[in-house]
Amino acid sequence: MNEEEFKESPLLTVRAAEVAGVVVVEVEGEIDVDTADEVLDAVRAGFTTAGPALVADLTLVSFFGSTGISTLISAHEMADERGKKLHVVAPQRAVRRPLQVTGVADVLALYDSVDEAVAALKPVPSE
């Protein structure tokens, strides 16, 4: 998958690119009622690839409330339906804290960087 920009608006930019054979959907801006569908459209498109997983990079998300939480739950359900994994990159408190408080962090695989999320998908060589 070549880098693709799905949508750019004053509130949100969503891009998708392939990193080490894994689709990474990078979200920048606000995830709210007006932008959640754009995020889900990019995630849905990312899951159409042959890769085993999708990484949602929320490092540059500036607003994340209940709609953002619902968006990630929907993305997680999409992954389950397709037999794929969803890894979420959320290093900053603005995204991670709402996920922790609601218990959603217990269901999602959260990481501090894209590299960490991609590395977690690689099998560990046995000694």
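The structure displayed is predicted, hence computed values, not measured ones.
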Mind listing the closest non-hydrogen atom pair of [X] and [Y] along with its distance?
X: Leu99; Y: Thr102; result: O-OG1, 3.3 Å
X: Leu110; Y: Ala105; result: CD1-CB, 3.6 Å
X: Lys84; Y: Phe47; result: NZ-O, 3.3 Å

Given side chains that start at C-beta, do those of [X] and [Y] come closer than 4.5 Å, heavy atoms only?
X: Thr35; Y: Val27; answer: no
X: Leu11; Y: Phe63; answer: no
X: Glu28; Y: Arg15; answer: yes
X: Arg82; Y: Arg44; answer: yes
X: Leu12; Y: Val39; answer: yes

Check Val55, Asp41, Leu54, Leu86 against Val25 for a side-chain contact (heavy atoms from CB on, under 4.5 Å) and give me the one that passes.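 By the side-chain contact (heavy atoms from CB on, under 4.5 Å) criterion, Val25 pairs with just one of Val55, Asp41, Leu54, Leu86: Leu54.
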
To the nearest 0.5 Å, what is the distance between OG1 (Thr59) and OH (Tyr111)?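 Answer rounded to 0.5 Å: 14.0 Å.
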
Report the C-alpha distance between Val114 and Glu26 in whole Å, list the side-chain angles of each, state the deciding distance to 0.1 Å, and finish with yes or no for side-chain contact (heavy atoms from CB on, under 4.5 Å). CA-CA 10 Å; Val114 170; Glu26 178 187 89; over 6 Å; no

Shared hydrophobic cluster, [X] / [Y] (ILVMFWY, side-chain heavy atoms < 4.5 Å):
X: Val88; Y: Val24; answer: no
X: Met78; Y: Val22; answer: no
X: Val89; Y: Val104; answer: no

Would you tell me whether Asp115 and Ser113 have side-chain atoms, one donor and one acceptor, within less than 3.5 Å of each other?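 No, because no side-chain N or O of Asp115 sits under 3.5 Å from a partner of the opposite role on Ser113.
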
Identify all side-chain donor-acceptor contacts of residues 67-76 below 3.5 Å with residues at least two apart in sequence or on another chain.
from  : atom 1 : to    : atom 2 : distance (Å)
Ser70 : OG     : Ser66 : O      : 3.2
Thr71 : OG1    : Thr67 : O      : 2.7
Ser74 : OG     : Ser70 : O      : 3.1

Among all residues two or more places apart in sequence or in another chain, which pass the side chain to side chain contact (heavy atoms under 4.5 Å, CB included) test with Asp34?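 For Asp34 the side chain to side chain contact (heavy atoms under 4.5 Å, CB included) partners, ignoring immediate neighbours, are Asp32.
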
Quick one: does Gln92's side chain have a donor or acceptor within less than 3.5 Å of a partner on Ser62's backbone?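 Checking the backbone N and O of Ser62 against the side chain of Gln92, no donor-acceptor pair under 3.5 Å is found.
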
Counting only N and O atoms by type, is there a donor-acceptor contact under 3.5 Å from the side chain of Lys85 to the main-chain atoms of Leu121?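 Judged by distance alone, no pair lies under 3.5 Å.
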
